[in-house]
2 protein chains.
Amino acid sequence: MARRSYDQYCGLARALDVLGERWTLLIVRNLLLGPQRYSELLRGLPGITTNLLAKRLQEMESEALIERGGSGDGAAYQLTTSGRALEPAIHALGRWGWQRIGKPTSRDRRSVEWLLVSLRRRYRGGTTLAAELEADGQPYHLVLRGDAAEIGRGRVPGADMRLRGKGIDIARLFLEGLPKDGEAAGIELEGTAKQLRTLVGAFTRGDTGTAPA
Amino acid sequence: MARRSYDQYCGLARALDVLGERWTLLIVRNLLLGPQRYSELLRGLPGITTNLLAKRLQEMESEALIERGGSGDGAAYQLTTSGRALEPAIHALGRWGWQRIGKPTSRDRRSVEWLLVSLRRRYRGGTTLAAELEADGQPYHLVLRGDAAEIGRGRVPGADMRLRGKGIDIARLFLEGLPKDGEAAGIELEGTAKQLRTLVGAFTRGDTGTAPA
DNA sequence: CAGGATCCGCCGCGATACTG
DNA sequence: CAGTATCGCGGCGGATCCTG
């Protein structure tokens, strides 16, 4: 084996020894919303090939970033504690990237999941609300409780509200905010308009300005 | 040209489009301590080759991460505002890496500069002190003023204290702290023992625990 | 000496095909 | 569904040479 290394006694260089190869951090990003199976990762990472995904998963498992969880039918890859500890780094890189990002190009793939990951960082805090999302048929949950925001895949029991719509419309809702008329185009709302305002307002709009403390 | 891209409308993916290739983030790290010339970067990045450094510098300049500053004799590469905005991401990755790093192997190169970069993040705040370092003949400065820590290359006028020694001894001082007897082995001190304790105590020891607020 | 350019060999990556 | 096998190409590493 003997992976390529910078051979520098430096935290950053060591991190890049493990994370610097292509796709690795994007796999971590996708797992931040919850465990996923091989085929789900493959679909969620447009452009990666099967051999490369398999190789990366092996390397990441040997580096203890991920582990195979569950058994039988529920078998899936999930982050270890060490892998989850990458969340601040992913948020810092993501913030820098979102600051430079312009309008999506025609070649850009989109996923509401990329956005949901960034919402964990954009949460302002101080809200109490449990929401369910159904974007393009896939369920997600946002549970806001004081300073903590738990955002991931799947439903949540006892949700206060529910949004259903196309991923691109839901993404626009969180990226651009509610329109003046308070009607979110193309989105089916189960809940009050006030809850919707609370949900959307719980997150900072973008990364152009300084995020409120 | 047309660099390789993940083609994902996601901040992290966009950041990795720019930063994901080999050596790029390490160049930014080295420039965080101040501008450097081509040959200085080459010496400071053991293992990089001349062609690759030249290529990376071109790419980074076209991405507006760095710019050629100064003129004539003082010409050097320096970070732009956008490049300097990477400091939080570098600190986050560095913290993760320092947490996993063990003892240096025999192949590991060392540099007091890698450590100084991490000190900017490890600064506890609340100290007022201007110190000069001379490690392996190279001068550095640490100016601590309240919440701000300015750490970089070169001297600082009106330093309160001065340390001189081998880089490895100075690195050990900040990584392991002052020995019980308060005598820093192999280090020449201009200043009081109290100042030395203040300086060393102004930074957290490592990344194993949670850094104090 | 600073700041590259050029050539070459290799391996990481991407695409496709195939297997348990 | 969850990977392995194979192959071509381009990015990378190493060395050398060039120009102000």
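This is a predicted model, so every value here is computed, not measured. Proteins get letters first, then strands, A, B, ... in listed order; numbering begins at 1 in each.
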Taking atom CZ of A/Arg145 as the centre, report whether more than 12 heavy atoms of other residues, nucleotides or ligands fall under 6.0 Å from it.
no

Can you see whether A/Glu113 engages A/Tyr140 through a side-chain donor-acceptor pair at a distance of less than 3.5 angstrom?
yes

Distance check needed: D/dG11 C1' versus B/Leu53 CG, whole Å only.
16 Å

Take atom CD1 of B/Ile66 and atom C1' of C/dG3, then tell me their distance rounded to the nearest Å.
13 Å

Between B/Leu42 (CG) and D/dG14 (P), how many Å, whole number?
12 Å

Of the nucleotides C/dT6, C/dG14, D/dC12, which one has an atom closest to the side chain of B/Asn51?
C/dT6

Rounded interatomic separation in angstrom, taking NZ from B/Lys55 and P from D/dG13:
10 Å

Between C1' of D/dA15 and CD1 of B/Ile48, the distance in whole Å
15 Å

Whichever of A/Gly20 and A/Thr50 has the more 5' nearest nucleotide on DNA chain C, that residue is A/Gly20

Without decimals, in angstroms, what is the distance between B/Arg4 CZ and C/dA15 P?
11 Å

Would B/Leu173 and B/Leu163 satisfy side chain to side chain contact (heavy atoms under 4.5 Å, CB included), going step by step from the backbone distance to the final call?
CA-CA 11 Å; B/Leu173 181 63; B/Leu163 288 180; 4.0 Å; yes

Ranking D/dG13, D/dT4, C/dA5 by distance to the side chain of A/Gln58, first place goes to D/dT4

Examine D/dG3: is either OP1 or OP2 under 4.0 Å from a nitrogen or oxygen in the side chain of A/Arg37? Give yes or no.
no

Indicate, with a heavy-atom threshold strictly under 4.0 Å, whether B/Arg43 touches base, sugar-phosphate, or nothing.
nothing

Would A/Arg22 pass as a cation-pi partner of B/Tyr6, given that its NZ or CZ must be under 6.0 Å from the six-membered ring centre and within 45 degrees of the axis?
yes

Between CG on residue A/Asp7 and CZ on residue B/Arg107, distance to nearest 0.5 Å:
4.0 Å

B/Arg68 side chain near C/dG3 phosphate (N/O to OP1/OP2, under 4.0 Å):
no

Check the phosphate of D/dG13 against B/Trp23, side-chain N and O only, distance under 4.0 Å to OP1 or OP2. Yes or no?
yes

What nucleotide among C/dG14, D/dG3, D/dG14 has an atom nearest to a side-chain atom of B/Thr49?
D/dG14

Under 4.0 Å: is that the gap between some side-chain N or O of B/Tyr77 and OP1 or OP2 of C/dG4?
yes

A/Arg56, nearest nucleotide to its side chain (from C/dG12, D/dC12, D/dG3)
C/dG12

For A/Ile27 and D/dG3, give me the distance from atom CD1 to atom P, rounded to whole Å.
12 Å

Starting at CG of B/Leu52 and ending at P of C/dC11, how long is that distance when rounded to a whole Å?
17 Å

Pick base, sugar-phosphate or nothing for B/Ser39, based on heavy-atom distances below 4.0 Å to the nucleic acid.
sugar-phosphate

